[in-house]
Amino acid sequence: MVTRNLTDVFVLMRNNASQNRNIYSDQIINDRMALVEAGGIELAQREDYETPQWGDTLEEARYSITRLREKLKELAALQEVHMQRPTFDESTHQELQMEVLTQEISKMFSRIQRLVQQIRHASENDRKDQERRLSYSVITSLLTSLQELTNHFRGLQSSYLNRLDSREERSRLDFGSKEEDRELFSVNGFNDADWETECIDERFRVTKPGQSISEQQMLLIEEDNAKTAEMRDKQVSSIVQSIVDLNVLFKDLSTMVVEQGTVLDRIDYTLEQTSIGVSQGYEQLVKADRSHAKNRKMMCIMCLAPVTLIMLFLLIIIKF
Amino acid sequence: MNVITAVKLYLTKMTEESGPGMKILVMDKQTTSITTMVYSQSEMLQREVYLFERLDMISAREPMKYLKCIAFLRPTKENISLLSKELRNPRFGVYYVYWSNIVRKADIKTIAECDEYESVREVEEFYADYLAIAPHLFSLNIPVSYQDLAWDPVELLRSTQGVTAVLLSLKKCPNIRYQSSSEMCKRLAEKVRDVIVTEESLFNFKQDDITPVLLIVDRRDDPITPLLNQWTYQAMVHELLTITNNRVDLSHVKDISKDLREIVLSPEHDEFYAKNLYLNYGEIGQTMKQLMEEFQRKAKSQQKVESLADMKNFVENYPQFKKMSGTVCKHLVLVSDLSNTVANNNLLEVSELEQQLACQESHSSQLQNLRTLLNSGNVRHKDATKLVMLYALRYERHSNNDIDGLLNILKKNSVPDSFIKMIPRILKFRSKNSRLNETFDTQEAVVKITKRFFKDLKGVENVYTQHVPLLRETLDDLIKGRLKETTFPFLGENSAQISRRIKDVIVFMIGGVTYEEALAVHNINCSHQNIRIVLGGTTIHNSASFFTEVQNATANLPTTRHDNRRM
């Protein structure tokens, strides 16, 4: 990929040209006029430079989107680490972190959506045709990235849930095969303290009460178990909640995908459409102009005025 | 050696160099097509380019100073003056100007003088001056490049620019080989070399040990390929429905929904199409069926939404599902329309005879078949004409050919005059020392006969796709180092020093390429691991556009029958 930068040459030529211009212009215009004129231009330009009202909102939205992307990456990393751990022991901290992150992400989603709505409202009173098109494109692009991110997020969450499920399934299967060993152990009064917490309830069923574990121990384990379950429940419900939240968004976005890959998503098609719009507008203008030139009222007056005059004339002749 | 990525990189760089902020992309007619081929609108929106405009039809003159303007233009006179006008009264805050080719210093000066507000921030040359259709295929969108069988000067300039742009964007400084029988090839080769010599600094980059080859060939050497009916998906769609810049117009189909009136076939954005564009008609039917089955399965799973889990799944898959349904609809309509056309116009029979005419040698039986088919009356006028054209090309010098008789049959079938005139025209169009005629050269003849003998031994795999374009043979010879220097000389250089090893080849065909040839090149690229070929042409032909090309090329030449007899 070869490129050639001609900016330096261009700037040099531009400076030369402007110097030449200044030499001549000094002779023609006096200072006062030049100053006044320059002031006028400045004023006019400042007005044009003003971004539309929703300019800041757009900035904010784009910024949030980049932030959101980072957060999603973080979440994915956390989930990965979490899944890699052999058990759920001592992972409360992580879970908490994940929960916070998930909530944050959903909040950001709704926030961006609100921003998009704001842009939409603000752009409603754009007078210029071009500006209207601009705001439309801006909204489209924001929604597209938003959609991409929601899909990503939803994918992350559901794959995480799936993996959790399958993991539990697997551990249950593992237990099935280990059952005999375990019975052997418990019969021997041997209790392996290192067993995974997930197996606790399973173990419960298997070990005959009072054989090797004391009442107190059992209570402790039970409590622990309940805690895990509660936590898991919370976790799952938070994820489900986030999915539900996103569904509202989803409705807004569903139409966007369909456009991609069709003729509507082509640059040349868009340009053709605008040019068609412009030429149609021109035709309408011509039509309006023509009808204006015809001006029926004027014609009527022009016809009736001589008629009235003639009648008046006749009346005068007949009467006198 | 991927032209799509090359153009894409240029455009990506353009959007990046102007930094963050809202942007507008201003283009001319040709750069619009160039951009459209590689970037979709939504992809551009993601790069903060929110508005698009054509420089030559500015819609509104409202100033929007908060926008950054990226101007991607070809360095033509018209564009220079339009841009100067724009800069005298700038509507946008900052301008980044990118020329798609080498621009003259005088033109830069003109623009610099008009830039009184100093709104131009950057002026650069980005050599994306061609339409990238596939990774190995580019076109310049010149519908007609011949003028009385010689270069149209405007198109010669455009072709030179196009070819040099390809070389620069791929970073290749090649040895040039051209077809010696064609004056046009020689002129283009010289022009390209002139550019390389005068713009030495541009072509001064590090290259592989093996110098790439630029091979310039002429369509007139092989007028047969564009006349044949095609049976691979992409080529078929182009032949029967015409693809223009990846768009296909389907408005003629009855009861078609509004969304499908015009469809986009872009391998970049349509996975199914990308996978299947080189498959033949029969295989397409099968993959279509698979696609349908997959779709049905998905549709079924979409229907049952009973539990919460189902709902969740539905929501997750819905966008993909909708996208897939769009793809399925599009290709179904397309394939069904193709199959209708094939069935209604007897195309299978026509194509079989076409292939026989193009590949086999048995004059009397072919003439017999041709007569019966033409007399049967259920052949389109265009196909009838094409068949007679093929016959004429093939047996023009045969002692007892019957071109006159066939012309009479065409007349009897009320084939329009403009079509009948095509037959003498194509004979004129075919270059006189075309290699298709070279049966008298003894050495060549021996090679050819042995080749044919082996081919006959192997038998024909598919009756409808037995024709191999001449380009394939040329390229095979080139790869094996057997391409003769009498037919394809090197330009200017002492050929003795040039190494015979071949790695990167850029082929440019004056007078347009066909999708059949694109497929042949694709196959070569796939079968040879360390050889990369990029094919390009002034345009991509189907038989209809080729008719126009031939018509224009021979418009001012005398077309009396006796004249072409003597030829």
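Every heavy atom of this structure was used, including side-chain atoms; hydrogens, water molecules and symmetry mates were not. In what follows, every chain begins at residue 1, and chains take the letters A, B, ... in the order their sequences are listed.
Between B/Val264 and A/Arg266, some side-chain heavy-atom pair lies under the 4.5 Å cut-off. B/Glu125 is not listed as a side-chain neighbour of A/Val2, based on a closest heavy-atom distance of 4.5 Å or more. The closest side-chain heavy-atom distance from B/Glu122 to A/Leu6 is not below 4.5 Å. A/Val11 has its side chain out of reach of B/Glu118: every pair of non-hydrogen atoms, C-beta onward, lies at least 4.5 Å apart. The shortest side-chain heavy-atom distance between B/Leu45 and A/Val138 does not fall under the 4.5 Å cut-off. A/Thr3 is listed as a side-chain neighbour of B/Lys13, based on a closest heavy-atom distance under 4.5 Å. Within the 4.5 Å cutoff, side-chain heavy atoms of B/Glu262 are placed close to those of A/Tyr269.
Side chains of A/Ser141 and B/Gln46: no donor on one and acceptor on the other come within 3.5 Å.
Environment of CD in A/Glu272: crowded, with over 12 heavy atoms of neighbouring residues, nucleotides or ligands closer than 6.0 Å. Annotation: B/Glu199, atom CD; neighbour count of heavy atoms from other residues, nucleotides and ligands within 6.0 Å is above 12. Within a 6.0 Å sphere centred on CZ of B/Arg121, heavy atoms belonging to other residues, nucleotides or ligands number 12 at most.
Proximity to chain B (any heavy atom under 4.5 Å) is shown, for A/Tyr282, by neither the backbone nor the side chain. For A/Asn16, no part sits under 4.5 Å from any heavy atom of chain B, backbone or side chain. Interface remark: B/Asp270 contributes no atoms to any contact with chain A (heavy atom separation under 4.5 Å). Residue contact with chain A, scored on non-hydrogen atoms closer than 4.5 Å, is absent for B/Leu260. Contact of B/Ser266 with chain A is not made at all, since no heavy-atom distance falls under 4.5 Å. With a threshold of 4.5 angstrom between heavy atoms, B/Tyr127 approaches chain A through its backbone and through its side chain. Contact of B/Glu43 with chain A is not made at all, since no heavy-atom distance falls under 4.5 Å. Only the side chain of A/Leu58 has a heavy atom closer than 4.5 Å to any heavy atom of chain B.
Ion pairing between A/Arg21 and B/Glu113 fails under the 4.0 Å rule for side-chain N and carboxylate O.
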CA sep, side-chain torsions, deciding dist, call: B/Glu116, A/Arg14, salt bridge (Lys or Arg N to Asp or Glu O under 4.0 Å): CA-CA 8 Å; B/Glu116 288 172 25; A/Arg14 186 167 65 187; over 6 Å; no
Go through the steps to decide whether B/Ile111 and A/Met13 satisfy the test side-chain contact (heavy atoms from CB on, under 4.5 Å), and finish with yes or no. CA-CA 9 Å; B/Ile111 290 170; A/Met13 284 174 173; over 6 Å; no
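With rounding to the nearest 0.5 angstrom, the OH atom of B/Tyr66 is 5.5 Å from the CG atom of A/Leu134.
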